[in-house]
Amino acid sequence: MAKPAVSHILALVDGTEASYHAADAAIELARSLGARLTAMAVVDTDTLRQLLSVKILVDAEMGEFEKELEESSKRQLAEVCQRALDRKVVVDEVLLTGNTETIVPREVQQREVDLIALGGFQSSKVTRDLLARQRQQIIDRAKCPVLIVK
């Protein structure tokens with residue numbers, strides 16, 4: 001029997017309304033296709049280190065800010081997991097730290113993801129909006145289809 005075209009969906013969660021819409025679409029797709037679903041959030045510590053190096057953040061703020069981002073990401077993942085549970089979809093929850101632009105492609109390959117569900121963004125903001133830039137980098141580096149949901 002041939003492997004289904006989409007058997008594992010990765011929903012990237014970043015707390016934006018668009019990422020929740022993407023997660024909802026991923027949940028519905030996973031339910032209708034019988035696919036595995038992974039909800040992933042990444043605390044981008046590389047960006048925090050860059051802010052520290054240009055003196056936007058100081059050492060004392062760095063640890064506290066990273067902890068707050070991690071707690072926020074946990075709440076966001078819990079929200080997506082609850083939405084999946086409400087629709088009777090099992091979801092794996094993954095929270096990672098590091099560089100989003102390198103972590104996501106690595107995880108997609110290691111987890112054998114067939115489809116990435118990503119919140120939409122305006123291309124005009126890619127040069128000045130960190131989340132838009134990260135999303136564009138994920139799209140550029142993805143080795144599988146990317147579903148962009150507004």
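FYI, side chains are in, hydrogens and waters are out, and symmetry mates aren't considered; it's all heavy atoms of this structure.
Between Glu112 and His8, the shortest heavy-atom distance links the atoms O-CB, 3.6 Å. Counting all heavy atoms, side chain and backbone alike, Gly15 lies closest to Gln76 at N-OE1, 3.2 Å. Across every non-hydrogen atom of Ala39 and Val80, the tightest pair is CB-CG1, 3.9 Å. Residues Ala84 and Val91 come closest through the heavy atom pair CB-CG1, 3.9 Å. Taking both residues in full, the closest heavy atoms of Val94 and Leu77 are given as O-CD1, 3.5 Å, listed atom of the first, atom of the second, then distance.
Taken to the nearest 0.5 Å, the CG atom of Leu37 stands 8.5 Å off from the CG atom of Leu10. A distance of 5.5 Å separates CG of Leu147 from CG of Leu115, quoted to the nearest 0.5 Å. Here CG of Asp86 is found 11.0 Å from SG of Cys81. Values are rounded to the nearest 0.5 Å. Taking OG1 from Thr38 and CD1 from Ile116, the interatomic distance works out to 11.5 Å, rounded to the nearest 0.5 Å.
In this structure, Val90 has no side-chain contact (heavy atoms from CB on, under 4.5 Å) partners at least two apart in sequence or on a different chain. Here Thr16 pairs with Asp14, Ala18, Ser19, Leu131, Arg135 under the side-chain contact (heavy atoms from CB on, under 4.5 Å) rule; sequence neighbours left out. With sequence neighbours left out, the side chain to side chain donor-acceptor pair (under 3.5 Å) criterion links Ser73 to no other residue. Under the rule for a side-chain contact (heavy atoms from CB on, under 4.5 Å), the partners of Arg75 that lie at least two apart in sequence or sit in another chain are Glu71, Ser72. Judged as a salt bridge (Lys or Arg N to Asp or Glu O under 4.0 Å), and not counting sequence neighbours, the contacts of Arg111 are Glu107. Among residues two or more places apart in sequence or in another chain, the side-chain contact (heavy atoms from CB on, under 4.5 Å) test is passed with Glu17 by His21.
Put simply, Val42 and Ile139 are part of the same group of oily side chains (I, L, V, M, F, W, Y) that touch within less than 4.5 Å, one to the next.
At a threshold of 4.5 Å between non-hydrogen side-chain atoms, the residues Val108 and Lys143 do not count as touching. Side-chain contact between Arg141 and Thr102 is present, with heavy atoms from C-beta onward closer than 4.5 Å.
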Side-chain atoms of residues 22-30: list all donor-acceptor pairs with protein atoms under 3.5 Å, sequence neighbours left out, distances to 0.1 Å.
| unit_1 | atom_1 | unit_2 | atom_2 | d |
| --- | --- | --- | --- | --- |
| Asp24 | OD1 | Arg83 | NH1 | 3.2 |
| Asp24 | OD1 | Arg87 | NH1 | 3.3 |
| Asp24 | OD2 | Arg83 | NH1 | 2.9 |
| Glu28 | OE1 | Arg31 | NE | 3.3 |
| Glu28 | OE1 | Arg31 | NH2 | 2.6 |
| Glu28 | OE2 | Arg87 | NE | 2.9 |

* After noting the C-alpha distance and the side-chain angles of Asp114 and Cys144, does the key distance pass the side chain to side chain contact (heavy atoms under 4.5 Å, CB included) rule? -> CA-CA 6 Å; Asp114 302 307; Cys144 67; 5.7 Å; no

